[in-house]
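Some notes on the structure that comes next.
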Amino acid sequence: MTKVDYYEVLSVSRDANDQEIKTAYRKLAMQYHPDRNPNNPAAEEKFKECGEAYSVLSDPDKRAAYDRYGHAAFQGGAGAGNPFTGGFGGAQDLGDIFGDLFGEMFNMGGAGGRKASRVQRGRDLRYDLMLEFEEAVFGIEREIKIRRMEMCDDCKGSGAAKGKKAVTCTQCGGRGQQRFQQGFFSVARTCSVCGGTGTLIVDPCATCRGETRVQAEHTILVKVPAGVEQDTRIRYQGEGEAGKFGGPAGDLYVVLTVKAHKFFERDGDDLHCVMPISFPQAALGTELEIETLEGSATIKVPEGTQSGREFKLKGKGVPHLNSHGKGDLIVEIRVQTPSKLNKAQKELLRQLSETMVVENTPTSRGLFEKVKEMFS
Ligand code: ZN
Ligand code: ZN
């Protein structure tokens with residue numbers, strides 16, 4: 001059998017460093033891991049090949065020998081004096097590599113194997129709740145109905161008929177996994193008989209058919225605090241789906257969507273709006289009545305107010321979500337240039353214009369902004 005070059009197997013260059021080799025191996029091993037490629041002999045073969053390449057290239061001595069002698073360095077019976085004859089130093093260190101790389105990912109529990117737990121945590125659930133703008137600002141309580149898996153009452157989550165119990169799976173001895181020796185390491189697969197639960201229900205509960213849970217509708221009172229924003233998530237621990245076999249329930253996440261307001265826009269806890277006024281109002285000054293989220297307020301616009309000037313109404317914004325106090329309401333004045341004037345109005349404006357001297361000479365934007373500030 002011709003062996004593929006170890007560097008080619010891992011798709012690394014011959015001068016790749018340890019980290020590059022490790023990264024390359026990790027990526028490939030994940031891709032071809034039998035747990036992810038059930039009943040795929042080609043992937044299994046690839047997986048073995050990668051493991052072998054890694055076990056050599058990750059060890060400085062073996063790598064040096066490989067670089068010098070190629071595969072011959074490791075061929076059994078290659079002759080006396082070959083220090084590498086007889087495999088790759090045992091499965092032990094590979095187990096370490098393996099545990100290190102896959103321990104968390106595949107929940108393999110290291111070399112010792114584990115007793116399968118039938119108990120599984122239930123899924124988390126998401127519920128999208130649409131709020132009016134004001135509801136987000138002031139908070140609200142709302143009952144929602146969710147459909148979820150709940151523990152079957154008739155079997156109390158055991159899945160077995162009354163008076164019956166689940167028995168230990170004879171195929172895997174309750175481990176939930178079957179181990180296969182593949183070359184120099186072993187691979188665990190979910191037990192095909194019990195589906196990984198480690199137990200068999202011979203006489204299933206009639207209500208849940210052995211699933212241990214049933215679909216149910218549940219009402220939850222969602223308490224939305226004042227000051228929430230778009231996409232705020234409220235977590236209700238244990239209100240997700242029940243776990244199988246009496247396992248802990250998942251969580252429920254209520255995700256908030258906030259409708260737009262007809263004129264207020266939020267910037268954190270501040271509210272912004274634009275207030276149009278006429279040129280005479282801006283020139284002569286005026287009082288404006290403005291609708292806030294909590295009743296009306298008055299803004300005193302002084303004479304000579306420039307377009308773009310902002311007025312701040314302190315504490316008329318959104319309550320801070322996690323502390324006391326509120327944001328502000330900021331009202332931006334926009335002076336409207338009249339566009340539909342009748343004859344009489346035009347005549348008045350002409351008379352006004354004759355009394356005013358404006359120097360129509362260009363200025364820089366910066367200077368103009370300064371002048372505007374001076375006026376505001
Ligand atoms: Zn049941
Ligand atoms: Zn089993």
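Start at 1 and go down the list; that is how both ligands and their atoms are numbered. Computed from a predicted model, the values in this text were never measured in an experiment.
Evaluation of the salt bridge (Lys or Arg N to Asp or Glu O under 4.0 Å) test over residues 219-237, restricted to residues two or more places apart or in two chains, returns Arg235-Asp251.
For Tyr25 and Tyr54, the ring centers sit closer than 6.0 Å to each other.
With 3.5 Å as the limit, one finds a donor-acceptor pair spanning the side chains of Tyr7 and Asp67.
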Which side-chain N or O atoms in residues 266-273 pair as donor and acceptor under 3.5 Å with protein atoms at least two apart or in another chain?
residue	atom	partner	partner atom	Å
Arg266	NE	Gly268	O	3.2
Arg266	NH1	Val228	O	2.7
Arg266	NH2	Gly227	O	3.3
Arg266	NH2	Val228	O	3.4
Asp269	OD2	His320	ND1	2.7
Asp270	OD1	Asp328	N	2.7

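Near-neighbour remark for the Zn ion (ligand 2): protein N, O or S atoms under 2.8 Å are Cys169 SG, Cys172 SG, Cys191 SG, Cys194 SG; waters not counted. Atoms of the protein (N, O or S only) found under 2.8 Å from the Zn ion (ligand 1) are Cys152 SG, Cys155 SG, Cys205 SG, Cys208 SG.
The pair Lys300-Glu289 does not meet the salt-bridge criterion, since no charged nitrogen lies less than 4.0 angstrom from a carboxylate oxygen. Ion pairing of Glu135 with Lys259 is absent here, as no side-chain N (NZ or NE/NH1/NH2) approaches a carboxylate O to less than 4.0 Å. In summary, Arg126 and Asp128 engage in a salt bridge, as defined by a charged side-chain N under 4.0 Å from a carboxylate O.
Relative orientation of the Tyr6 and Tyr66 rings is tilted, given thresholds of 30° and 60° on the angle between their planes.
The local environment of CZ in Arg123 is sparse, with at most 12 non-hydrogen atoms from other residues, nucleotides or ligands closer than 6.0 Å.
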